[in-house]
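Inspection log for the structure reproduced underneath, given as structure tokens.
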Amino acid sequence: MTITAPRGTKDILPEEISSWQYLETICRSLFKRYHFSEIRTPIFESTDLFDRGIGDSTDIVQKEMYTFSDKSERSLTLRPEGTASVVRSFLQHKRYANLPQKLYYMGPMFRYERPQAGRFRQFHQIGLESFGSADPYNDAELIALCVDLFSELGLNDITININTIGCSVSRQLYSEKIRQLVLPHLSQLSEDDQRKYETNPLRLLDSKNKTTQTFLAGLPDMSDVLSQDSKDHFHQVLNYLDELSISYTIDSKLVRGLDYYTETVFEVTSASLGAQNALCGGGRYNHLVESLSGPPTPAIGCAFGVERLLSLLDLSTFLYNDPLDVYFVPLGHNQRQVCFKLVNELRRAGLKCEVGLSDSLKYELKTASKLDSKFAAIFGEEEAINNLILIKDMKNRTQESVSLSNLLGKVST
Ligand code: HAM
């Protein structure tokens, strides 16, 4: 039986890789302009980090983590997201001594979810985390960066959904209001929503269950319980966005699925995607650093889903087109030996080369053509005796014998 990639994972084949590299290049250049620097953290961390960082009550920690014990019986988890890891590194290396810190990362994340279009068990995120300022300016700047990225990628069909979930006190108050409304109907909630009721009632707001939503119908707006500081903060974020004419939709039900958020939360969706329409999600997490035993450090960040972004790009622009410069055809063992040296010289000079080893001229010329090589360099016994090599221009179908010392000059024209 052949072995295939595990469910929910996929290979990124050479034909697709240029679109990944394109996206990464665009991001790196944009992030640099916004003064973010790259950080790379391990793919696995102590399970404890995610339990404490992402929150016990979240779907991720409850059911989606790939957790295993190593030989020393340490519990480790493949990272389900990047924020907790970056905070861990920020603390471990005392980066808080030099604030602000603006960091970005790119790489695979792992969640045991039910695979479907746009949802994988190994997927890739490009994320940004900015530490050290609680100013609404930073919230707006991060959203402006997202808008710039979508515009550079030519993606217009996007919506920025934004909300504030206030400080921990207002979250507490609002959670109580939700509990009071839902309590009489508790037994009618799904098992999942009953868990949310117990652990984080705010999450009931984005429950997909219609019955749950009807019980929440009389819920006052979150803004009723927000402190004046939270209202002012949100108001200023929106003012900054207006300054750049960035359009957004205020979605009072947006709470996000991770426990660390405070104040501003946002999600970018695309109508061109199916059920899994979130391209990017993020928000403030002013207490996460502290909750992982660090000094009080306000922070904000977001992450893009790479597979979802790429699914919206016109991939015909990235056709796999990477032809060879020279395809060598040595005919006979001794000729191979000489070619080994010639190829090496050309590669060192920056040319892309390959060697055909079948000893069949007809077959190798076909291969050179298939690989779209600019030149075929044929080196038989007669050429070897005369210190020559036959260079065939594969496009013009012309050929010329050149001396070995002139090979580089001929094929680099
Ligand atoms: P998240 O909303 O869980 O946030 O994920 C961010 C993005 O990753 C989503 O909007 C989506 O595009 C993509 N994504 C998530 N799960 C999957 C999946 N199973 N398959 C494919 N794509 C997926 C976070 O992870 C936060 N750490 C973002 C953040 C950074 N907040 C503050 N800083």
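All heavy atoms count here, side chains included; hydrogens, waters and symmetry mates do not.
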Salt bridge (charged side-chain N to carboxylate O under 4.0 Å, His left out) assessment of Glu307 paired with Lys10: CA-CA 11 Å; Glu307 285 81 359; Lys10 57 180 193 150; 6.0 Å; no

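Between Glu345 and Arg348, none of the side-chain N atoms (NZ, or NE/NH1/NH2) sits under 4.0 Å from a carboxylate O, so this pair counts as no salt bridge. Electrostatic pairing of Asp59 and Arg195 counts as a salt bridge here, judged by a charged N lying under 4.0 Å from a carboxylate O.
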Expected list for residues 75-83: side-chain donor-acceptor pairs under 3.5 angstrom, two or more places apart:
{"from": "Ser75", "atom 1": "OG", "to": "Thr47", "atom 2": "OG1", "distance (Å)": "2.7"}
{"from": "Thr77", "atom 1": "OG1", "to": "Thr47", "atom 2": "OG1", "distance (Å)": "2.8"}
{"from": "Thr77", "atom 1": "OG1", "to": "Thr67", "atom 2": "OG1", "distance (Å)": "2.8"}
{"from": "Arg79", "atom 1": "NE", "to": "Pro108", "atom 2": "O", "distance (Å)": "2.8"}
{"from": "Arg79", "atom 1": "NH1", "to": "Thr41", "atom 2": "O", "distance (Å)": "3.4"}
{"from": "Arg79", "atom 1": "NH2", "to": "Pro108", "atom 2": "O", "distance (Å)": "3.0"}
{"from": "Glu81", "atom 1": "OE1", "to": "Thr83", "atom 2": "OG1", "distance (Å)": "3.2"}
{"from": "Glu81", "atom 1": "OE1", "to": "Tyr260", "atom 2": "OH", "distance (Å)": "2.5"}
{"from": "Glu81", "atom 1": "OE2", "to": "Thr83", "atom 2": "N", "distance (Å)": "3.2"}
{"from": "Glu81", "atom 1": "OE2", "to": "Ala84", "atom 2": "N", "distance (Å)": "2.8"}
{"from": "Thr83", "atom 1": "OG1", "to": "Glu129", "atom 2": "OE2", "distance (Å)": "3.0"}
{"from": "Thr83", "atom 1": "OG1", "to": "Tyr260", "atom 2": "OH", "distance (Å)": "3.1"}

Show me, pair by pair, the donor-acceptor contacts under 3.5 angstrom made by side chains of residues 131-140, not counting sequence neighbours?
{"from": "Ser133", "atom 1": "OG", "to": "Asp135", "atom 2": "N", "distance (Å)": "3.1"}
{"from": "Ser133", "atom 1": "OG", "to": "Asn138", "atom 2": "OD1", "distance (Å)": "2.8"}
{"from": "Asp135", "atom 1": "OD1", "to": "Tyr137", "atom 2": "N", "distance (Å)": "2.8"}
{"from": "Asp139", "atom 1": "OD1", "to": "Arg284", "atom 2": "NE", "distance (Å)": "3.0"}
{"from": "Asp139", "atom 1": "OD1", "to": "Arg284", "atom 2": "NH2", "distance (Å)": "2.8"}
{"from": "Asp139", "atom 1": "OD2", "to": "His233", "atom 2": "NE2", "distance (Å)": "2.8"}
{"from": "Asp139", "atom 1": "OD2", "to": "Thr264", "atom 2": "OG1", "distance (Å)": "2.7"}
{"from": "Asp139", "atom 1": "OD2", "to": "Arg284", "atom 2": "NE", "distance (Å)": "3.3"}

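If you check the side chains of Asp56 and Thr199, you find no donor sitting under 3.5 Å from an acceptor. Looking at Asp221 and Ser223, their side chains do bring a donor and an acceptor atom within 3.5 Å of each other. Of the N and O atoms on the side chains of Asn209 and Thr211, at least one donor lies less than 3.5 Å from an acceptor on the other residue. Asn239 and Glu243 share no side-chain donor-acceptor pair at under 3.5 Å. With 3.5 Å as the limit, one finds no donor-acceptor pair spanning the side chains of Arg95 and Thr297. With hydrogens and angles left out, the side-chain atoms of Arg33 and Ser29 include a donor and acceptor closer than 3.5 Å.
Checked against a 6.0 Å centroid threshold, the rings of Phe36 and Tyr104 do not count as neighbours.
Aromatic ring orientation, Phe31 versus Phe304: parallel (interplanar angle below 30°, classes split at 30° and 60°).
With rounding to the nearest 0.5 angstrom, the CG atom of Asp192 is 9.5 Å from the CG atom of Leu204. The distance from atom CE of Met222 to atom OH of Tyr174, rounded to the nearest 0.5 Å, is 7.0 Å. In this structure, CD1 in Ile158 is found 10.0 Å from CG in Leu312, a value given to the nearest 0.5 Å.
Closest approach of Arg52 to Ser293, counting heavy atoms only: NH2-OG, 3.2 Å.
Under the side chain to side chain donor-acceptor pair (under 3.5 Å) criterion, Tyr197 pairs with no residue at all, not counting sequence neighbours.
Within a 6.0 Å radius of OH in Tyr34, other residues, nucleotides and ligands contribute more than 12 heavy atoms.
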